[in-house]
Amino acid sequence: MKRIAIALTVNGKAVEVVAEPREHLADLLRGTLMLTGTHIGCEHGVCGACTVEIDGVPQRSCIVHAGSCDGASVRTIEGFADDAVVAALRESFSREHALQCGYCTPGMLVVARDIVLRLPDADEARVREELAGNLCRCTGYRGIVRAVLGVLADRRAGSSRAEPR
Ligand code: FES
Ligand code: FES
């Protein structure tokens, strides 16, 4: 079968790659581009370990056909290295013991960042609902939820401090 030429942006850099006809984005990122921070767990869209941003929206890269990403902008966990929200989340995850083996963590961070930016007033129930598509076999989720709520609370406190009196 014919291989597919794809031009896309990955973590801000334009790349041109050739994918197998049945290849999914997670394999392309890990195998061709060596971006192994994107993890693969179930490989059928259930666990969320492979979550990356595609055109600004978190998506499971194991169920995205690589060929459909021609022209897309993809951001993997490596692309968030200098991101202020992810930096705050990393600290909060560490403080709240929100990881053990860390296998789910890249996907969790991508989704957690989206929650923080999209839902600044999210409460615990909403954070749990938003994280429901990301499975963690180690932590029992309490630390992860506390970590996200902690960043949300810090940002609310910061923005109320910044408001003029
Ligand atoms: S590996 Fe993609 S959702 Fe589990
Ligand atoms: S920390 Fe091990 S799966 Fe989440």
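Not measured: the values here are computed from a predicted model.
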Does a sphere of radius 6.0 Å around CZ in Arg3 hold more than 12 heavy atoms from other residues, nucleotides or ligands, not counting ones at 6.0 Å or beyond? yes

Counting N and O atoms only, with roles assigned by atom type, does the side chain of Arg95 sit under 3.5 Å from a partner on the main chain of Ala147, one being a donor and the other an acceptor? no

Spacing of SG belonging to Cys50 relative to CG belonging to Leu25, to within rounding of 0.5 Å: 8.5 Å

Are any non-hydrogen side-chain atoms of Ile144 and Met108 less than 4.5 angstrom apart? yes

His65 (side chain) donor-acceptor with Pro21 (main chain) under 3.5 angstrom: yes

Would you say the side-chain atoms of Glu130 pair up with the backbone N or O of Val111, donor to acceptor, closer than 3.5 Å? no

Does one hydrophobic cluster hold both Val52 and Val86, with members joined at side-chain heavy-atom distances below 4.5 Å? no

With a 4.5 Å limit on heavy-atom distance, are the side chains of His24 and Val64 in contact? no

Atom OG1 of Thr51 and atom CD1 of Ile77: how far apart are they, to the nearest 0.5 Å? 10.0 Å

Heavy-atom distance under 4.5 Å between the side chains of Glu53 and Val74, does that happen here? no

Specify the closest pair of heavy atoms between Pro58 and Gly56, including all atoms of both residues, with the distance to one decimal. CD-O, 4.1 Å

Indicate yes or no for a side-chain donor-acceptor contact from Arg60 to the backbone of Gly45 under 3.5 Å, with no hydrogens or angles considered. yes

Linking I/L/V/M/F/W/Y whenever any side-chain heavy atoms sit under 4.5 Å apart, do Val18 and Ile6 land together? no

Leu149 vs Val127, side-chain contact (heavy atoms from CB on, under 4.5 Å): CA-CA, chis, key distance, verdict: CA-CA 8 Å; Leu149 288 171; Val127 168; 3.8 Å; yes

Closest non-hydrogen atom pair, Val151 against Ser92: CG2-CB, 3.6 Å

Check this for me, if you would: do Arg128 and Asp123 make a salt bridge, where the nitrogen-to-carboxylate-oxygen distance has to be below 4.0 angstrom? no

State, with a plain yes or no, whether a side-chain heavy atom of Asp70 is found less than 4.5 Å away from one of Glu16. no

Side chain to side chain, Val145 and Glu124, heavy atoms closer than 4.5 Å: yes

Is there a path from Phe80 to Leu131 through hydrophobic residues (I, L, V, M, F, W, Y) whose side chains come within less than 4.5 Å of each other? yes

Do Val46 and Leu135 come within less than 4.5 Å of each other through their side chains, counting heavy atoms only? yes

Verdict with supporting geometry, Leu28 and Glu20, side-chain contact (heavy atoms from CB on, under 4.5 Å): CA-CA 9 Å; Leu28 184 83; Glu20 297 297 331; over 6 Å; no

Is any side-chain heavy atom of Arg90 closer than 4.5 Å to a side-chain heavy atom of Asp83? no

For a 4.5 angstrom cut-off between non-hydrogen side-chain atoms, does Leu89 reach Arg113? yes

Please determine whether residues Ile63 and Val110 belong to a single hydrophobic cluster, defined as Ile, Leu, Val, Met, Phe, Trp and Tyr linked transitively by side-chain heavy-atom distances below 4.5 Å. no

In terms of side-chain geometry, is the basic nitrogen of Glu96 or Arg142 positioned less than 4.0 Å from the acidic oxygen of its partner? no

Set out, in order, the CA-CA distance, both residues' side-chain angles and the distance that settles side-chain contact (heavy atoms from CB on, under 4.5 Å) for Thr9 and Arg75, then state yes or no. CA-CA 8 Å; Thr9 304; Arg75 198 171 183 191; over 6 Å; no

Going through the checks in order, is the side-chain contact (heavy atoms from CB on, under 4.5 Å) test met by Leu33 and Val10? CA-CA 9 Å; Leu33 298 173; Val10 179; 3.9 Å; yes

Taking atom CG of Leu29 and atom CG of Leu35, what is their separation to the nearest 0.5 Å? 6.0 Å

If you measure from OG on Ser61 to CD1 on Ile54, what distance do you get to the nearest 0.5 Å? 7.0 Å

Specify the closest pair of heavy atoms between Ala72 and Leu8, including all atoms of both residues, with the distance to one decimal. O-CB, 3.4 Å

Return yes when atom CZ of Arg118 has more than 12 non-hydrogen atoms of other residues, nucleotides or ligands closer than 6.0 Å, and no otherwise. yes

Hydrophobic clusters here meaning ILVMFWY residues chained together by side-chain heavy-atom distances under 4.5 Å, can you tell me if Val17 and Ile40 are in one? no

Donor-acceptor pair, distance only, cut-off 3.5 Å: does the side chain of Tyr103 make one with the backbone of His39? no

Indicate yes or no for a side-chain donor-acceptor contact from Asn134 to the backbone of Cys47 under 3.5 Å, with no hydrogens or angles considered. no

